[in-house]
Amino acid sequence: MLALAGRTFRSRLILGTGKYDDFQLMRSCHEASGTEMVTVAVRRVDLKDRSKESLLDYIDRKRFTLLPNTAGCYTAEDAVRTARLGREAGLSHWVKLEVIGDEKTLFPDTAALVEAARTLVREGFVVLPYTNDDVVVAKKLEDVGVTAIMPLGAPIGSGLGIQNPANLELMKEAISIPMIVDAGVGTASDATVAMELGADGVLMNTAIAEARNPVRMAEAMKLAVESGRLAYEAGRMPRRRYASASSPTEGIVSSEARL
């Protein structure tokens, strides 16, 4: 179970809502993945005119927890304003907080992120900040009261997989709140690696939306996250430099025994 802000989720997989060919395909992927939480950019929702069809019409809010995000914001002020708009429009008081600092890499502006997180926590938001794999920043975010830390595995939409596993392990050791790996997952094995490193969950979008068969990839991701978590809980065998025979040594026929 993934526990966040007093709520528990059976699935440790969180999905996005962008890049799908159509909303019906998006919904099918959500169902195949077993996810219970989906994130949506506040700027993609027409907050003034809800009479028109929107992606929200394809998300059963009794079944899925909505996690609005501040994608596209480059300053703390814009991110805070976007989160407030989402809450006032009735989306949620939960927010995946993004403050982007670089257009090419979409890496976060961590100083602005901490500033925005502090403001939103003070206003009663449940804040899940998207950040880089920096232990120091993670501890600062925890200190201001965020609910979980969401470090990137690789740049958003790159599909490069987990680039700095050691950093994620250090981050997991340093914080006492959940760590949800966000961004960079390209295929199921990447999700498994993230979970084996100790992540409490994984958030992804492009890896499913841009797969040749998105629905099958969604199901693969569900199994990958479950498998990685099981392996983490089971505990990995120690790495050894040299071989270690699997069979017992008793009863080995030696040249002396044959004489």
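In this chain, numbering begins with 1 at the start of the sequence shown.
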> Between D109 and Y74, does a side-chain contact (heavy atoms from CB on, under 4.5 Å) hold up when you go through it step by step?
Replying inline: CA-CA 8 Å; D109 180 337; Y74 282 79; over 6 Å; no
>> So that I can tick it off, tell me whether R229 and E233 are bridged by a salt bridge, with the cut-off set at under 4.0 angstrom between side-chain N and carboxylate O.
In response: yes
> Given side chains that start at C-beta, do those of L66 and V38 come closer than 4.5 Å, heavy atoms only?
Replying inline: yes
> Do other residues, nucleotides or ligands put more than 12 heavy atoms under 6.0 Å from E31 CD?
Replying inline: yes
>> Within the 4.5 Å heavy-atom criterion, are V215 and L25 side-chain neighbours or not?
In response: yes
> Any sub-3.5 Å donor-acceptor pair from R12's side-chain atoms to M1's backbone N or O?
Replying inline: yes
> Nearest 0.5 Å, what's the CG-CG distance between L97 and L67?
Replying inline: 10.5 Å
> How far does CE of M37 sit from OG of S92, to the nearest 0.5 angstrom?
Replying inline: 9.0 Å
> Does the side-chain contact (heavy atoms from CB on, under 4.5 Å) test come out yes or no for F9 and T65, once each step is laid out?
Replying inline: CA-CA 10 Å; F9 301 87; T65 294; 3.4 Å; yes
> Nearest heavy-atom pair of G124 and H93: which atoms, and what distance?
Replying inline: O-CD2, 3.7 Å
> Which distance, rounded to the nearest 0.5 Å, do you find between the CG of L2 and the CZ of R10?
Replying inline: 12.5 Å
> Is L15 linked to L56 within one hydrophobic cluster, defined over Ile, Leu, Val, Met, Phe, Trp and Tyr using a side-chain heavy-atom separation of less than 4.5 Å?
Replying inline: yes
> Can you find a heavy atom in the side chain of I180 that is under 4.5 Å from one in the side chain of L4?
Replying inline: yes
> Which heavy-atom pair separates D200 from P178 by the least distance, and what is that distance?
Replying inline: OD2-CA, 3.3 Å
> Under the 3.5 angstrom rule, does the side chain of T35 hit a backbone N or O of L13 as a donor-acceptor pair?
Replying inline: yes
> Are the side chain of T39 and the backbone N or O of G16 linked by a donor-acceptor pair below 3.5 Å?
Replying inline: no
> So, are D60 and R27 salt-bridged, with charged N and O less than 4.0 Å apart?
Replying inline: no
>> How close do M26 and L55 get, counting heavy atoms only, and between which atoms?
In response: CE-O, 4.0 Å
> So do L168 and V181 actually touch side chain to side chain, heavy atoms under 4.5 Å?
Replying inline: yes
>> Are I59 and I208 linked, directly or through intermediate hydrophobic residues, by side-chain heavy-atom contacts shorter than 4.5 Å (ILVMFWY only)?
In response: yes
> Closest heavy-atom contact between Y232 and E196?
Replying inline: CD1-O, 3.4 Å
> Would I100 and Y130 satisfy side-chain contact (heavy atoms from CB on, under 4.5 Å), going step by step from the backbone distance to the final call?
Replying inline: CA-CA 9 Å; I100 301 301; Y130 162 71; 4.3 Å; yes
> When hydrophobic residues are tied together by side-chain contacts of less than 4.5 Å, even through go-betweens, does L128 share a cluster with L152?
Replying inline: no
> Is any side-chain heavy atom of M217 closer than 4.5 Å to a side-chain heavy atom of T187?
Replying inline: yes
> Is R236 atom CZ crowded by more than 12 heavy atoms from other residues, nucleotides or ligands, each under 6.0 Å away?
Replying inline: yes
> Once you round to the nearest 0.5 Å, how far does CD1 of I162 lie from CG of N167?
Replying inline: 11.5 Å
>> Please give me the minimum heavy-atom distance between V144 and V121, naming the atom from each residue.
In response: O-CG1, 3.3 Å
> Do the side chains of V126 and V95 join up, straight or via other hydrophobic residues, at under 4.5 Å, putting them in one cluster?
Replying inline: no
> For K139, does the NZ atom have more than 12 heavy-atom neighbours from other residues, nucleotides or ligands under 6.0 Å away?
Replying inline: no
> With a 4.5 Å limit on heavy-atom distance, are the side chains of L230 and S227 in contact?
Replying inline: no
> Backbone N or O of S54 within a donor-acceptor pair of the R44 side chain at under 3.5 Å?
Replying inline: no
>> Please report the interatomic distance CD(E36) to CZ(F64), rounded to the nearest 0.5 Å.
In response: 8.5 Å
>> Has D78 got a side-chain atom pairing as donor or acceptor with C73's backbone, closer than 3.5 angstrom?
In response: no
> So do the side chains of R43 and T82 get within less than 4.5 Å of each other, counting heavy atoms only?
Replying inline: no
> If Ile, Leu, Val, Met, Phe, Trp and Tyr residues are connected whenever their side-chain heavy atoms lie under 4.5 Å apart, and connections chain through other members, are L203 and I177 in the same group?
Replying inline: no
>> Run V185 and M221 through side-chain contact (heavy atoms from CB on, under 4.5 Å) and show every step you take.
In response: CA-CA 10 Å; V185 168; M221 291 300 187; 3.9 Å; yes
> Hey, are the side chains of K96 and D182 touching, using non-hydrogen atoms and a 4.5 Å cut-off?
Replying inline: yes
> Does atom CD of Q24 have more than 12 heavy-atom neighbours, drawn from other residues, nucleotides or ligands, at distances under 6.0 Å?
Replying inline: yes
>> Please find the pair of heavy atoms, one from M171 and one from A138, that lie closest to each other, and give the distance.
In response: CG-CB, 3.8 Å
> In Å, rounded to the nearest 0.5 Å, how long is the span from CG of L141 to CE of M150?
Replying inline: 12.0 Å
>> Any salt bridge linking K140 with D143? Criterion: basic side-chain nitrogen under 4.0 Å from a carboxylate oxygen.
In response: no
>> Is the ring pair Y20/H30 parallel, tilted or perpendicular, if the boundaries are 30 and 60 degrees?
In response: perpendicular
